[in-house]
Q: 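Have a look at this one.
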There are 2 protein chains.
Amino acid sequence: MGRIIENLNLSEQVTNELGRAIVAGEYSCESGLPTEAQLCEEYGISRTAVREAVKMLAAKGLISSRPRQGISVEQPSNWNLYDTSVLKWLLSSSPSLYVLKEFLQMRLAIEPEAAALAAEFGRDEDIDQIGKAVEAMKAAANDPSGSMHDADLAFHTSILFASGNRFFSHLRDFISTALNVSIQHTTPAKANDLAVADDHAKIYTAIRNRQPERARNLMKYLIDEAKTFIELEIKKQG
Amino acid sequence: MGRIIENLNLSEQVTNELGRAIVAGEYSCESGLPTEAQLCEEYGISRTAVREAVKMLAAKGLISSRPRQGISVEQPSNWNLYDTSVLKWLLSSSPSLYVLKEFLQMRLAIEPEAAALAAEFGRDEDIDQIGKAVEAMKAAANDPSGSMHDADLAFHTSILFASGNRFFSHLRDFISTALNVSIQHTTPAKANDLAVADDHAKIYTAIRNRQPERARNLMKYLIDEAKTFIELEIKKQG
DNA sequence: AATAGACATATTGTAATATAATATGCTTTT
DNA sequence: AAAAGCATATTATATTACAATATGTCTATT
């Protein structure tokens, strides 16, 4: 109420708040959600706004509503995890180290294959974009004001795009989120930045030289390192 | 499995129709969509229903709407391809052989890794489910009345589930859709059914015996065969 | 003539209210 | 005790009204 965050209109705000609450487990599958009328009162808004929020959450697989029965929470296995909002709500509620491990397992499946596809089928102009990202990483490694993080993101998303496969490209938000979480758990060792940039450059070169197997293996190695690091962290904490 | 209530309410019907039209390219990014008022008139329904449909489509990343500007179509790269509805609309409009190739590239990334994860971390009771699917495949191979297709689906989804990773499990609808499209393009060679069932059984055995690398490779081989077949088909037609 | 500001206008955003459809449980009937 | 029917709670749909917000046009000032 008091604080105004947002470009978001009313129903989007309610969607956010309800989505967060559902993913955080504040409403269970059994208990369900309050009725529309109750939600109206709770938020002090009209039924129109509530219903629009309900429809949006239903579109993301989080809830379903039926007459006389009310609004029920869908099983988590039906939630659309590849929806950016759902992912955001999930990260804001789960202990992120475990989610991070799941992220890395997915990245290990996706990214080496994407690199191989980019090397095999990628269009030259799309591969140029990977090169630009590598240059930006090198620059950021030398210049502390440059954003290594942004360049890193650009590198990985440009490879997904260069794969020429829509289903890979579309995972850019997913991978970006995974990288963001990764960063939060990685001690910023600026000294390594140049070595990291070099690892990335090697992948670019393999793609540029149309060496799918080499690109795949280098990418696999890159992510495996991060995974090993995280598994150590989990062992420490748990 | 097939709990399907084809009983769509009004806003869901409109969502379907508009979603299909958008994905089919009947509304471009530039032209945008008709105004809410026009849609009301076109479909002969109230603004409530139209707005709810618009909100659902916006939640799936297909459109966005702003005051005074109207409803605009988002760039296809923003569409949530991992939404079951969006996938359905996509398949109903695209030449499916090409989409099928993209599907298979994704499956080649996901499923071998999922099989390896299942072998490494899968819970025994989840692996049992894979075994049951294999038995069902064998039974269907001998008994023509049995559904090979359903058993095949169950096999692949149970491996995703046994991976223990939510992001893999959630791709079950995606993989199912891919398999369905595959089936449509595969000549039903009932004679091979027993051999096919045997290939699947080997993967199950590898997972059961906790051999991640073997499981990965066998699965890779299985999908690669389908991919090779499809690439031949594409060469024939194009 | 150029530019800032005011204003008209079209379109979505929000609200309020009314009625219909639909399940669920209770009651009545057999 | 089982079946039929009714009451009721809840979402589904429709209608109307007004608010908020951009966009373009017109006006006034320089």
Side-chain angles (χ1 to χ4, degrees), chain A residues 1-19 21-22 27-74 78 85, chain B residues 3-19 21-22 27-74 78 85:
Chain A
M1 322 289 192
R3 81 197 69 139
I4 298 170
I5 331 166
E6 55 232 283
N7 303 324
L8 299 179
N9 61 30
L10 194 48
S11 53
E12 285 167 338
Q13 289 174 48
V14 177
T15 303
N16 252 308
E17 177 53 31
L18 280 177
I22 291 167
Y27 303 105
S28 70
C29 276
E30 302 80 44
S31 68
L33 262 75
T35 66
E36 289 181 356
Q38 286 170 310
L39 288 171
C40 291
E41 202 174 350
E42 190 171 325
Y43 287 97
I45 58 177
S46 76
R47 239 186 104 192
T48 309
V50 167
R51 283 188 60 81
E52 287 177 1
V54 165
K55 290 295 178 187
M56 285 194 276
L57 291 170
K60 294 173 190 296
L62 266 63
I63 59 178
S64 62
S65 65
R66 287 163 64 192
R68 168 71 203 180
Q69 182 174 313
I71 306 164
S72 49
V73 177
E74 284 286 312
N78 287 119
S85 306
Chain B
R3 104 249 57 147
I4 291 183
I5 307 152
E6 275 301 358
N7 201 1
L8 301 178
N9 62 28
L10 194 49
S11 53
E12 284 166 339
Q13 288 173 46
V14 177
T15 303
N16 251 309
E17 177 52 31
L18 280 178
I22 291 167
Y27 303 105
S28 70
C29 275
E30 303 80 44
S31 69
L33 263 75
T35 66
E36 290 180 356
Q38 286 171 310
L39 289 171
C40 291
E41 201 173 350
E42 190 172 325
Y43 287 97
I45 58 178
S46 75
R47 232 186 112 192
T48 308
V50 167
R51 283 188 60 82
E52 287 177 0
V54 166
K55 291 296 175 187
M56 286 193 276
L57 290 171
K60 295 176 189 297
L62 266 63
I63 59 178
S64 62
S65 65
R66 287 162 61 193
R68 169 69 203 182
Q69 182 174 313
I71 305 165
S72 49
V73 177
E74 284 286 312
N78 288 120
S85 306

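Note that these values count all heavy atoms, side chains included, but never hydrogens, waters or copies made by symmetry. Residue numbers start from 1 in every chain, and the chains themselves are labelled A, B, ... in the order their sequence lines are given, proteins ahead of strands. Being a predicted model, the structure only gives us computed values, none of them experimental.
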Q: Could you give the CG-to-P distance, from B:N9 to C:dA20, as a whole number of Å?
A: 18 Å
Q: For the pair made of CD in A:Q38 and P in D:dT11, what is the distance, rounded to whole Å?
A: 8 Å
Q: In whole Å, what is the span from the CD atom of A:E52 to the C1' atom of D:dT11?
A: 15 Å
Q: Say you draw a straight line from CZ of B:R66 to CG of A:N9; how long is it, rounded to the nearest 0.5 Å?
A: 12.0 Å
Q: Is A:R68 side chain donor-acceptor paired with the D:dT8 base, going by distance under 3.5 Å alone?
A: yes
Q: Of the candidate nucleotides D:dA14, C:dT12, D:dT13, which contains the atom at the shortest distance from the side chain of B:I45?
A: D:dA14
Q: If you go through the side-chain atoms of A:R66, does one of them form a donor-acceptor pair with the base of C:dA21 closer than 3.5 Å?
A: no
Q: Could you check which of C:dT14, D:dT11, D:dA14 has an atom nearest any side-chain atom of A:R47?
A: D:dT11
Q: Any side-chain N or O of B:Q69 less than 4.0 Å from the OP1 or OP2 oxygen of D:dT23?
A: yes
Q: A:S65 side chain N/O closer than 4.0 Å to the phosphate oxygens (OP1, OP2) of D:dA12?
A: yes
Q: Nearest to the side chain of A:E36 - D:dT11, D:dT13, D:dA20?
A: D:dT11
Q: Measure from CZ on B:R51 to C1' on D:dA19 and round the result to the nearest Å.
A: 13 Å
Q: Pick base, sugar-phosphate or nothing for A:T48, based on heavy-atom distances below 4.0 Å to the nucleic acid.
A: base
Q: Please enumerate all residues that pass side-chain contact (heavy atoms from CB on, under 4.5 Å) together with B:E36, with sequence neighbours excluded.
A: B:R47, B:V50, B:R51, B:I71
Q: Return the OG to CD distance between B:S64 and B:Q69, rounded to the nearest 0.5 Å.
A: 7.0 Å
Q: Whole Å only: how far is the CG atom of A:L33 from the P atom of D:dT10?
A: 14 Å
Q: Tell me the interatomic distance from B:Y43, atom OH, to D:dA14, atom P, rounded to whole angstroms.
A: 14 Å
Q: Partners of A:A21 by side-chain contact (heavy atoms from CB on, under 4.5 Å), sequence neighbours excluded?
A: A:E26, A:Y27
Q: Could you tell me how far apart A:L10 (CG) and D:dC18 (P) are, to the nearest whole angstrom?
A: 20 Å
Q: In whole angstroms, how far is the C1' atom of C:dT12 from the CD1 atom of B:I71?
A: 8 Å
Q: Roughly how far, to the nearest 0.5 Å, is the NZ atom of B:K55 from the CD atom of A:E12?
A: 5.5 Å
Q: Hey, is the side chain of B:S46 poking within less than 4.0 Å of OP1 or OP2 on D:dA14, counting only N and O atoms?
A: yes
